[in-house]
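Structure incoming, see below.
Just the heavy atoms: all of them, side chains too, but no hydrogens, waters or symmetry mates, feed the values below. The sequence lines fix the lettering, A, B, ..., with proteins before strands; numbering per chain opens at 1.
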Protein chains: 2
Amino acid sequence: MNKTTKITIIADDRERQSQVIGFLSDMPDISVQISRLATGDYLADNRLIFERKTLNDFAISIIDGRLFKQISRLANSRYKPVLILEGTGRDLSENGIRREAMQGALISISLIYGIPVLRAMNPHESARLINYATLQIRAIAGGGLSNRGGYHPKTKSKRQLFILQGLPGIGPKKAKNLLDRFGSVEKIISASIEELQLIDGIGKNIAEKIKWAVHEEKAAYGFNDDFDI
Amino acid sequence: MNKTTKITIIADDRERQSQVIGFLSDMPDISVQISRLATGDYLADNRLIFERKTLNDFAISIIDGRLFKQISRLANSRYKPVLILEGTGRDLSENGIRREAMQGALISISLIYGIPVLRAMNPHESARLINYATLQIRAIAGGGLSNRGGYHPKTKSKRQLFILQGLPGIGPKKAKNLLDRFGSVEKIISASIEELQLIDGIGKNIAEKIKWAVHEEKAAYGFNDDFDI
DNA sequence: TGTTTTCGATCTTGA
DNA sequence: TCAAGATCGAAAACA
């Protein structure tokens, strides 16, 4: 599956002038696209959403109150959010915000909202963090999007059995029986109700449900309650 | 955990020589006790467990492999864990660990294990972070979703469900079924094995485990490595 | 009805 | 924190 697929990163177009994009593009296994994101600045692997803020931006957004709106949106995103704080202590000597205020905000973000906070010294390091974090998440959570748990068995026959178990009324036993008799997922899908009933343990009831599930109906799609950004 | 405004902090005795304890004791609304903790360095309000590490300790424990054992124990603690990293960049110029290795570890800790990481410049700031964090958590306690871990729901029925989920084999669904049928925690606790089995999803096995758990036996409690006082 | 299988819920573990 | 796998009990489905 995704063993050595490139990491796809979508960068928000408002980050276009940031150096981070340049550094990301220079990395060998990353492909960067630019587009408008509803929330966050970088969407990696369709899984992690990074919000990058310089220390100054951070301080300012505390003052003007923008911060917690953004954080709250991040926290409710369907992607796993990460905040990258960029800059060193020196960078915020100018604006008058107190260190305590920043720390208070950081406590809220990481403890209350549960959003991980990473620190970078400069745009180059931000890019590196995005890269590492994505790789680590990938290493754990297998390949691509999580359709059914995100996990897919690797051998073909396991995979076939796995697919079949998604059918209504079919568990490991009947999946095996089906596969033994029909030989392939494709043949099973296109089998008639009568043919299906030849299998041990499959009666009219289950056979009908399978055909029902497999026979695509337009109306079934169109709305799903998985909310978008 | 009532209206007592004082925060109670239990400090691990191995932190005894650390300045943090002194700073905590100097804070007006904090009372510090010293004792041996199974995990972590500071237990605040019976709710948050802080692991404090200087940057050097952190670097060293990456190298010698201790780090992830500790982190894993922290993550499985019944309290909400927080890692405090103490020190400035200068402090780790000496040991040869590479910045990338530290960042990789931080990514794992905060992203994978979900443990918030806070930064302090010195022991005084560590103490302040412990204080602030505890106050903030207190302010919202009961609001957020939570696994059992010191956040106690406020309404009676929530609290009852919460208690029931501590029983073996009982999760949210069965907790609700039990409460619907018996009406009170007390009745459930004193119900017979046969009565318990009347509930959907509870068979002989779980019923027996519940009675076993509820029927106190002196011998069962020799040592509890989760929490010592 | 009895037997087998699926399925939902919980727990455990590991990263 | 989070996801995968194992386990147990209930209930569906078949015969």
Side-chain angles (χ1 to χ4, degrees), chain A residues 47-48 75 79-82 110-117 133 135-143 145-154 158 161-162 164-178 196-210, chain B residues 49 65 67-83 104-117 144-149 161 164-178 193 196-210 213:
Chain A
R47 194 177 281 171
L48 290 175
Y79 308 108
K80 175 138 187 75
V82 181
S110 57
L111 233 107
I112 316 275
Y113 287 91
I115 297 179
V117 179
L135 287 175
Q136 283 207 28
I137 285 280
R138 226 190 225 193
I140 285 176
L145 295 166
S146 50
N147 344 353
R148 194 141 105 243
Y151 162 79
H152 298 286
K154 36 183 186 280
K158 296 264 177 166
L161 291 173
F162 177 76
L164 293 174
Q165 288 170 44
L167 298 173
I170 304 300
K173 295 286 159 64
K174 287 176 191 156
K176 181 166 188 314
N177 291 344
L178 278 166
L196 290 173
Q197 289 184 62
L198 297 177
I199 304 302
D200 259 17
I202 296 189
K204 190 158 171 281
N205 205 319
I206 290 186
E208 279 172 353
K209 277 191 194 152
I210 291 178
Chain B
I49 183 78
L67 181 67
F68 281 92
K69 279 197 193 66
Q70 287 186 314
I71 289 303
S72 178
R73 284 177 33 140
L74 266 188
N76 295 335
S77 156
R78 68 156 134 164
Y79 309 107
K80 173 122 185 100
V82 182
L83 173 63
L106 284 176
I107 289 172
S108 290
I109 293 169
S110 57
L111 229 105
I112 314 279
Y113 289 89
I115 297 178
V117 178
L145 303 166
S146 63
N147 34 15
R148 17 182 51 241
L161 291 173
L164 293 175
Q165 290 173 42
L167 297 174
I170 304 301
K173 297 281 156 63
K174 287 176 192 157
K176 181 163 187 315
N177 290 345
L178 278 166
I193 292 189
L196 290 173
Q197 290 184 59
L198 297 177
I199 303 303
D200 263 14
I202 297 190
K204 189 158 169 280
N205 208 317
I206 290 186
E208 279 171 354
K209 276 193 196 147
I210 291 178

**Item:** Closest contact, heavy atoms only, B:Ser72 versus B:Tyr113
**Value:**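 Smallest interatomic distance, heavy atoms only, reads CA-CE2, 4.3 Å.
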**Prompt:** Do B:Leu196 and B:Leu178 have side-chain heavy atoms sitting under 4.5 Å apart?
**Reply:** yes
**A:Ile137 CD1 - D:dC2 C1' separation (whole Å)** = 9 Å
**Item:** B:Ser108 side chain near B:Phe68 side chain, heavy-atom distance below 4.5 Å
**Value:** yes
**Request:** For A:Lys176, answer base if it contacts any base atom (sugar-phosphate contacts may also be present), sugar-phosphate if it contacts only those atoms, and nothing otherwise; contact means non-hydrogen atoms under 4.0 Å.
**Result:** nothing
**Request:** Rounded to the nearest angstrom, tell me the gap between atom CD1 in B:Ile112 and atom P in D:dT1.
**Result:**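 Atom-to-atom, B:Ile112 to D:dT1, this comes out as 14 Å.
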**Complete:** To the nearest angstrom, the CD1-C1' distance between A:Ile140 and D:dA3 comes to 9 Å
**Item:** Separation of D:dC8 P from B:Glu208 CD (nearest whole Å)
**Value:** 13 Å
**Asked** Yes or no on side chain to side chain contact (heavy atoms under 4.5 Å, CB included) for B:Ile112 and A:Gln136, after CA distance, side-chain angles and deciding distance?
**Response** CA-CA 8 Å; B:Ile112 314 279; A:Gln136 283 207 28; 4.1 Å; yes
**Message:** Can you measure B:Ile210 atom CD1 to D:dC8 atom P for me and round it to whole angstrom units?
**Reply:** 15 Å
**Complete:** Protein-proximity profile, nucleotides 2-13 of chain C, B/S/- by nucleotide at the 4.0 Å heavy-atom cutoff, equals ---SSS-SSS--
I'd like a table of donor-acceptor pairs (distance under 3.5 Å, sequence neighbours excluded) in which one partner is a side-chain atom from residues 198-207 of chain A, with atom names and distances.
{"unit_1": "A:Lys204", "atom_1": "NZ", "unit_2": "A:Glu208", "atom_2": "OE2", "d": "3.3"}

**Asked** Which part of the nucleic acid, if any, lies within reach of A:Asp200 when heavy atoms closer than 4.0 Å are counted: base, sugar-phosphate only, or nothing?
**Response**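 Touches nothing.
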**Most 5' of A:Lys209 and B:Gly114 on DNA chain D, judged by nearest nucleotide** = B:Gly114
**Request:** For A:Lys80, report the nucleic acid contact type (base, sugar-phosphate, nothing); a contact means any heavy atom under 4.0 Å.
**Result:** sugar-phosphate
**Request:** Return yes when atom NZ of A:Lys80 has more than 12 non-hydrogen atoms of other residues, nucleotides or ligands closer than 6.0 Å, and no otherwise.
**Result:** yes
**Request:** Calculate the interatomic distance between A:Lys204 atom NZ and D:dC14 atom C1'; express it in whole Å.
**Result:**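 Between C1' of D:dC14 and NZ of A:Lys204: 14 Å.
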**Item:** Earlier contact from the 5' end, DNA chain D, for A:Ile202 and B:Leu111
**Value:**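 Result of the comparison: B:Leu111.
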**Message:** Checking the side chain of B:Gln165 only, and the main-chain atoms of B:Ala175 only, is there a donor and an acceptor separated by less than 3.5 Å?
**Reply:** no
**Item:** d(CZ, B:Arg73; C1', C:dA15) in whole Å
**Value:** 17 Å
**Request:** Name the closest nucleotide to the B:Tyr113 side chain, picking from C:dA15, D:dC14, D:dA11.
**Result:**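 In terms of side-chain proximity for B:Tyr113, the closest of C:dA15, D:dC14, D:dA11 is C:dA15.
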